[in-house]
Amino acid sequence: MTAAADIAIDVEGLTKSFDGRKVVRNLSMRVKRGEIYGFLGPNGSGKTTTIRMLCGLLTPDEGSGTCLGYDIRAQADEIKRHVGYMTQRFSLYQDLSVRENLEFVARLYGLARPAAAARAVIDRLRLEDRQAQLAGELSGGWKQRLALGACTLPNPQLLLLDEPTAGVDPKARREFWNEIHALAAHGLTVLVSTHYMDEAERCHEIAYIAYGVLLAHGTVDEVIAASRLVTYTVSARDGELSALAEELGRRAGVDMVAPFGTSLHVCARDEAALEAAIAPYRTQPQLAWTRSEPSLEDVFIDLMGRAQDRLQ
Amino acid sequence: MTTLSATPVPRASGAFWRRTWAMLIKEFIQLKRDRVSFAMIVMIPLVQLLLFGYAINTNPRHLPTAVLLQEQSDLGRSILKAIQNTAYFDVTHIVHDETEFDRLLASSAVLFAIEIPANFERAVRRGDRPALLVAVDATDPVAAGSAMAALGTLVQSALLHDRAVPDGPGAPFEIRTHARYNPAANTSLNIVPGLVGTILTMTMLIFTALSVTREIERGTMESLLAMPITPVEIMLGKIVPYIIVGFVQASLIIGLGIGLFGVPLLGSLLLLALLSTLFITTNLSVGYTFSTIAQNQLQAMQMSMMFFLPNILLSGFMFPFAGMPAWAQWIGELLPLTHYLRIVRGIMLKGAALADLRYDALALAGLMLVAMLIAISRFRRTLD
C-alpha cells in the first residue's frame, strides 16, 4: 500500500501496435505523487498513445500497471473518475460557451453544484470576460486555458496533459506553467507531454521517448549526466561558423555539431576521440574553445540518433 | 527576367481547366479512400432496384379476407371457392360471429370481410335475391379498388359451381358492399396519417444518425470517453431531447391533418400520443445505431437514406402492403413505419384500440430494443 500511496503512475512493459506498426514498445515508468513529470519526445514517438493507455482510452497489447492504484486494464472507470485528461486537439464543444462547457463537465462528474463549480474555474483562470463566448471562437491560448479548466474542474488527483502548450504564445505558456506549478503545490500529480526543451526544465522529472521506446528518465541533471556526452562550445571571432560546422561534422570522433546562437556545440560520447578530432582546430587563433555541459537538446538528439541506429 | 520566364504563366482559360482538374483528381482520391461510400454508390441502386422492382405492385392480389359463415351450405362453399378463384382474395380467416368479424377489420388483419347470412341458400332457391355482405377496409382506396371491381364477376363464377340454382332473369343474389372507415374513398384520409409517419421517420433518423459521428469528427469524443460516462448514458442523453422534438412535430402534422384535410380522429388521442412517442423513439434508436456504425457523417446520411427508402416503398405508405409478395411483406414487417402506419391509420380512421394494435405496438418496442442493443454493443468505449 505504501507504493500505491506515493506512486501515481506505475506501469510496466506497455506495448501497443496499430496495423502491425509498433507505436509503443515495452515502456515502463513510475511517477511519484505531487510531481510534475515531463514527457518529451519528437512527433510520432508514442507520447499520445502512452497517455491514452494510462487513462483507459486505449488497451495495451502487452504490459500492465496501475494509475492512482487502479489497474489500467480492469479499472478504467475508476481512473476516469480521478484523472483529468487534456487532449492534444481541442476537444470541448465549439458550439457551447465557456461556461456551458464547464457546467457540462461538472454535471458529467456528478458535482453537487455544477454552476458553482464552473464559476470557481472561471474565477481561478480569469475567464470572466469570456464566459459567454462560444469555445470555438476563442484564440489558441484561451482555448488551452479553458481546456485546462475543464480537466481540473472535477478535482482530479492526476492530470494528463498532451502537448498543452503547442501553438501557444510565450506569455500564455508561462502563465500556463505557473498554473501547473500551483496545482502541483496542492498535491496534484501532473504528467505533461511537450517537445519544448525549456518546458522540460520546469518539470521535477522527465522521461524521453523516441520510436516508442523510453530512452532516458530522471531529473534534468540526471538525464544529462547519464548521457556521458562530452561537449565543447566553440565560437569564432569573425562569426563565420557554417563552414566550420560542416567540416567538424565530417570528422571521425565527432558525433554531433549543432549551432547555438553565435557558437557551436560539438558533442561526442568518446572523450578521447573528440579531443583528437578537434585538436587541429583548437590551435586556430580565431576560434575560442571551452569545455561545457551538454544541453538537454544535445542529449535528446544524441539519444534519438542512437535509438534510430538500434531500431531502424 | 529569366526567373519570371522560367515559371509558366498559362493563359486564363488554361489555368481554369488546370485548377478544375486538380480539384477533380482530389475528389476522386477522397472518394476512393472512403470504401463504404464507394460500395454504397453501387449497392444502393442495385439493391433498391431489385427490391422495389419486384416488390411493388399497384394492382394488388391475394388480399387477406375473412369470411363469416352463418350457414353451412353447398352454395356457401361454392361462393367461397369463387372468391378464392378471383385471385384477389385470400381467405385467411373463417369466423363465426360478428364481433370477431369487426375486430379483424379494425386490427387490419384483413382488408375484406364477407358475410354469408343465415338461410342464404334457401333464399336463393326461393328466388328472393338475398344479399351477400362484403365489408371493405377502404382506408386505402387503391388497395381495395381492383378487388372491389372483381367482385362483380363473383356471382357468375359462383353459379358455375352450383347448378342447383334456378335460372331466372337477373342474378339470383346481390352483392352489397359496405366501404368502412373511408366510404368516400378520399385518398387524403389515407395519405395524411401516412405522412405523419413518413415525415417523422425522415427527421428522427437524421437527428440521431449524425450524433455520434459528429462527436468523432469534431474530436469531442476523445474527451467524452475520458470522462466517467457510460454508453447507455450517452445514448439516452442523445435520444431523449429529440423525443420531445419529435412529439412537437407529430402534434403539428396531426393537428394540421385534422384541421386542413379533415382527417377524423376516431380513436383515443392519448393512445395515439403514446404510440407515436414509441415510434419516434424507435426511429431515433435506429438513427443512433447508424451513428455508431458509420465512420463519418456522409456514411451516416447514406445509411439513413438506405433505410428511409424501403420505409416509404415497402411499408404500405405509397403502395398497398397486401399487394406485395410475401418476402417483401416480411421485410416490411421489420420496418417501424409499417407498424406505425397501421397504428396511426387504425386510431385515426378506424377508432382502433390498443387491443387491436397490440401486435404493432410490440413490434415497434421490439425494433427499438434491438436497435438500442446493437448501438450499445457497437459503441466503442476506447479509441482502439
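First the proteins, then the strands, lettered A, B, ... as listed; each starts at 1.
- Residues Thr382(B) and Gly56(A) share a closest heavy-atom pair of CG2-O, 3.6 Å.
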>> Assess the residue pair Leu224(B) and Leu108(A) against the criterion (side chain to side chain contact (heavy atoms under 4.5 Å, CB included)); give the C-alpha distance rounded to whole Å, side-chain angles, the decisive distance to 0.1 Å, and a yes or no.
In response: CA-CA 9 Å; Leu224(B) 202 56; Leu108(A) 246 178; 4.0 Å; yes
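- Taking OH of Tyr93(A) as the start and OG of Ser223(B) as the end, the distance is 8.0 Å to the nearest 0.5 Å.
- Under a cut-off of 6.0 angstrom, the local environment of CZ in Arg73(A) is crowded, with over 12 non-hydrogen atoms contributed by other residues, nucleotides or ligands.
- Under the 3.5 Å distance criterion, the side-chain polar atoms of Arg81(A) are left unmatched by any main-chain donor or acceptor of Met227(B).
- Residue Asn101(A) does not touch chain B at all, counting heavy-atom pairs closer than 4.5 Å.
- At most 12 non-hydrogen atoms from other residues, nucleotides or ligands lie less than 6.0 angstrom from CZ of Phe247(B).
- When all heavy atoms of Ser91(A) and Gly219(B) are compared, the pair lying nearest together is CB-O, 3.1 Å.
- Screening Arg381(B), Glu222(B), Met221(B) for a side chain to side chain contact (heavy atoms under 4.5 Å, CB included) involving Leu57(A) leaves a single residue, Glu222(B).
- With a 4.5 angstrom heavy-atom cutoff, Glu233(B) does not touch chain A via any of its atoms.
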>> salt bridge (charged side-chain N to carboxylate O under 4.0 Å, His left out), that's the test. Do Asp95(A) and Arg218(B) meet it? Break it down for me.
In response: CA-CA 11 Å; Asp95(A) 47 358; Arg218(B) 291 193 185 170; 3.4 Å; yes
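- Distance CG/Leu383(B) to CE/Met53(A): 12.0 Å, rounded to 0.5 Å.
- In this structure, NZ in Lys80(A) is found 10.5 Å from CD1 in Ile229(B), a value given to the nearest 0.5 Å.
- Closest of all the heavy-atom pairs between Arg89(A) and Glu217(B) is NH2-O, 3.0 Å.
- Taking each heavy atom of Tyr109(A) and Ala226(B) in turn, the nearest pair found is OH-O, 4.1 Å.
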